[in-house]
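In this chain, numbering begins with 1 at the start of the sequence shown. Note that the structure is a prediction, hence the values are computed from the model and not measured.
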Amino acid sequence: MNNNLYKCLIVDDEPIARRIIKNYLGKQADFVIQGEAGSAMEAFKVLAKAPVDLLFLDIQMPEVNGLDFLRTLANPPKVILVTAFREYAFEGFELDVVDYLLKPVPESRFLLALDKFRKMKPLQASQLQDFKQHYLFIRADRKHHKIDFQDIQYLESQGDYVEIFGSAQHWRTKATLGTLAEQLPPHFLKIHRSFIVNMEQLTAFNRELVEVGGKTLPVSKRFREEVITFFEGQNS
């Protein structure tokens with residue numbers, strides 16, 4: 001058994017591009033594909049489950065581009081950028097990427113990038129710290145916003161939209177609470193079908209109400225025990 005297996009994640013919104021990389025990697029005994037993703041949002045979910053050693057990353061993707069995604073990673077793995085655009089090369093190497101491959105990527109060029117990665121002797125995924133996401137990504141006002149978790153007080157569902165309230169400003173995005181909840185850390189709790197609260201921002205609470213950011217929000221019976229359990233865990 002090969003004890004020097006490198007775990008990889010392929011992130012590209014084009015299925016054909018992902019398939020080509022998978023085909024190339026499938027011929028290499030020391031690389032294993034941990035997962036693939038069609039967007040940065042999907043990639044966050046994969047990385048949250050387990051770290052990887054090498055990330056094959058496209059740049060031009062919907063919602064969040066590859067370079068912005070890379071900047072948000074607290075402990076990024078080694079990265080090989082795979083893109084159809086030459087103009088991001090300098091920016092990519094400023095982010096200390098292993099290599100910059102232009103589509104369509106010849107297999108011979110791809111193998112050179114893998115050799116470059118091998119020579120760097122990167123830490124195995126088991127030696128890396130756990131992946132942690134520190135930001136919520138949303139689209140609002142025709143722009144993409146990166147919001148630090150600590151700046152969020154609570155989220156409120158409003159039909160097809162969610163309002164995100166911070167201490168200094170708020171954002172309105174077309175999404176569901178369930179979709180956004182997948183990106184949030186454990187200290188964000190759903191207290192009502194219409195509210196998710198950053199429990200670290202609470203100023204007061206009881207079994208029926210919480211106070212956060214100068215607002216009083218209801219705690220429904222369905223989520224009451226979860227709220228109580230959270231505080232019991234903090235005080236144990």
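- When the side-chain hydrogen bond (donor to acceptor under 3.5 Å, both in side chains) test is applied to Asp12, the partners found at least two apart in sequence or on another chain are Lys103.
- Heavy-atom contacts from other residues, nucleotides or ligands closer than 6.0 Å to NZ of Lys174 number 12 or fewer.
- Two residues are said to be in side-chain contact when any heavy atoms from C-beta on lie closer than 4.5 Å; Ile80 and Lys116 fail this criterion.
- Residues Phe117 and Tyr6 place their aromatic rings such that the two centres sit under 6.0 Å apart.
- For His170, the ring-ring contact (aromatic ring centres under 6.0 Å, His included) partners two or more places apart in sequence, or in a different chain, are Phe165.
- Nearest heavy atoms, Arg193 versus Ser157: O-CB, 4.4 Å.
- Atoms NE2 and CZ, from His145 and Arg139 in turn, are 8.5 Å apart once rounded to the nearest 0.5 Å.
- One finds the NE2 atom of His187 at 4.5 Å from the CG atom of Asn198 (value rounded to the nearest 0.5 Å).
- Judged by distance alone, the side chain of Lys7 and the main-chain N or O of Phe31 form no donor-acceptor pair under 3.5 Å.
- Within the 3.5 Å criterion, the main-chain N or O of Ala175 finds no donor-acceptor partner in the side chain of Thr179.
- Between the side chain of Gln183 and the main chain of Lys45, no donor-acceptor pair closer than 3.5 Å is present.
- In this structure, the side chains of Val52 and Pro77 come closer than 4.5 Å at one or more pairs of heavy atoms.
- For Ser167, there are no side-chain hydrogen bond (donor to acceptor under 3.5 Å, both in side chains) partners two or more places apart in sequence or in a different chain.
- Inter-residue side-chain proximity for Lys78 and Asp53 is flagged as unmet; no heavy-atom pair is nearer than 4.5 Å.
- A continuous path of hydrophobic side-chain contacts links Ile33 to Leu101 [ILVMFWY only; heavy atoms under 4.5 Å].
- In terms of heavy atoms, Ala43 sits closest to Ala37 at N-CB, 3.5 Å.
- Of the inter-residue distances, the one linking Leu55 atom CG with Cys8 atom SG reads 9.0 Å to the nearest 0.5 angstrom.
- Atom CG of residue Leu57 and atom CG of residue Leu73 lie 8.5 Å apart, to the nearest 0.5 angstrom.
- Two different hydrophobic clusters hold Leu209 and Phe223 under the rule that ILVMFWY side chains link at heavy-atom gaps under 4.5 Å.
- Between Leu217 and Val197, the closest side-chain pair of non-hydrogen atoms falls below 4.5 Å.
- The side chain to side chain contact (heavy atoms under 4.5 Å, CB included) search around Pro106 returns Ser108, Arg109, not counting sequence neighbours.
- Among pairs with a residue in residues 19-29, those fulfilling salt bridge (charged side-chain N to carboxylate O under 4.0 Å, His left out) read Lys22-Glu36, Lys27-Glu107, at least two apart in sequence or across chains.
- Under the rule for a side chain to side chain contact (heavy atoms under 4.5 Å, CB included), the partners of Thr203 that lie at least two apart in sequence or sit in another chain are Glu211.
- Every pair passing ring pair (Phe, Tyr, Trp, His ring centres under 6.0 Å) that includes a residue from residues 190-220 is listed here, sequence neighbours excluded: His192-Phe195, Phe205-Phe231.
- Of all non-hydrogen atoms in Val98 and Ala113, the two that sit nearest each other are CG1-O, 4.2 Å.
- Hydrophobic clustering keeps Ile196 apart from Tyr161 (ILVMFWY residues linked when any side-chain heavy atoms are closer than 4.5 Å, directly or through intermediates).
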**Request:** Apply the test side chain to side chain contact (heavy atoms under 4.5 Å, CB included) to residues Val210 and Lys215: give CA-CA distance (whole Å), side-chain angles for both, the deciding distance (0.1 Å), then the verdict.
**Result:** CA-CA 8 Å; Val210 299; Lys215 299 283 187 178; over 6 Å; no

**Working for side chain to side chain contact (heavy atoms under 4.5 Å, CB included), residues Leu9 and Leu54** = CA-CA 7 Å; Leu9 172 62; Leu54 180 59; over 6 Å; no

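- Residues Glu200 and Gln153 form no side-chain contact, since every pair of their non-hydrogen atoms from C-beta on lies 4.5 Å or further apart.
- A search for side-chain hydrogen bond (donor to acceptor under 3.5 Å, both in side chains) contacts involving Asp115 returns Arg118, not counting sequence neighbours.
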**Message:** Before you tell me yes or no, could you show the steps for Tyr154 and Phe188 under ring-ring contact (aromatic ring centres under 6.0 Å, His included), namely the whole-Å CA-CA distance, both residues' side-chain angles and the distance that decides it to 0.1 Å?
**Reply:** CA-CA 8 Å; Tyr154 66 96; Phe188 280 78; over 10 Å; no

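- Leu155 CG to Leu180 CG: the interatomic distance, rounded to the nearest 0.5 Å, is 6.0 Å.
- With rounding to the nearest 0.5 angstrom, the CG atom of Asp151 is 11.5 Å from the NZ atom of Lys146.
- Within the structure, every pair that satisfies the salt bridge (charged side-chain N to carboxylate O under 4.0 Å, His left out) test and touches residues 159-168, not counting sequence neighbours, is listed here: Glu163-Arg172.
- Side chains of Leu102 and Tyr100 form a contact here, defined as non-hydrogen atoms less than 4.5 Å apart.
- For Ile20, the side chain to side chain contact (heavy atoms under 4.5 Å, CB included) partners are Ile16, Tyr24, not counting sequence neighbours.
- When every heavy atom of Ile152 is checked against every heavy atom of Gln201, the shortest pair comes out as O-CG, 3.7 Å.
- Every residue two or more places apart in sequence or in another chain that forms a side chain to side chain contact (heavy atoms under 4.5 Å, CB included) with Asn65 is listed here: Leu67, Asp68.
- Linking Ile, Leu, Val, Met, Phe, Trp and Tyr whenever their side-chain heavy atoms come within less than 4.5 Å leaves Val46 and Val32 in two separate clusters.
- Put simply, the side chain of Trp171 reaches to within 4.5 Å of the side chain of Ile147, judged on heavy atoms.
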Identify each donor-acceptor pair in which a side-chain atom of residues 81-95 lies under 3.5 Å from a protein atom, sequence neighbours left out, and give them as a table.
from: Thr83; atom 1: OG1; to: Phe85; atom 2: N; distance (Å): 3.1
from: Tyr88; atom 1: OH; to: Gln60; atom 2: NE2; distance (Å): 2.9
from: Glu91; atom 1: OE2; to: Arg71; atom 2: NH2; distance (Å): 2.3

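- Leu112 and Ile21 fall into different hydrophobic clusters, where Ile, Leu, Val, Met, Phe, Trp and Tyr side chains are chained together by heavy-atom contacts under 4.5 Å.
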**Item:** Evaluation steps, side chain to side chain contact (heavy atoms under 4.5 Å, CB included), between Leu70 and Thr72
**Value:** CA-CA 5 Å; Leu70 180 55; Thr72 69; over 6 Å; no

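- Contact of the Arg224 side chain with the Val227 side chain is not registered, since no non-hydrogen atoms from C-beta on lie closer than 4.5 Å.
- Considering all non-hydrogen atoms of both residues, Phe69 and Ala40 come closest at CD1-CB, 3.7 Å.
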**Prompt:** For Lys221 and Glu208, what are the C-alpha separation, side-chain angles and deciding distance, and is it a side chain to side chain contact (heavy atoms under 4.5 Å, CB included)?
**Reply:** CA-CA 8 Å; Lys221 290 182 180 180; Glu208 298 179 349; over 6 Å; no

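- When every heavy atom of Val11 is checked against every heavy atom of Ser39, the shortest pair comes out as CG1-O, 3.8 Å.
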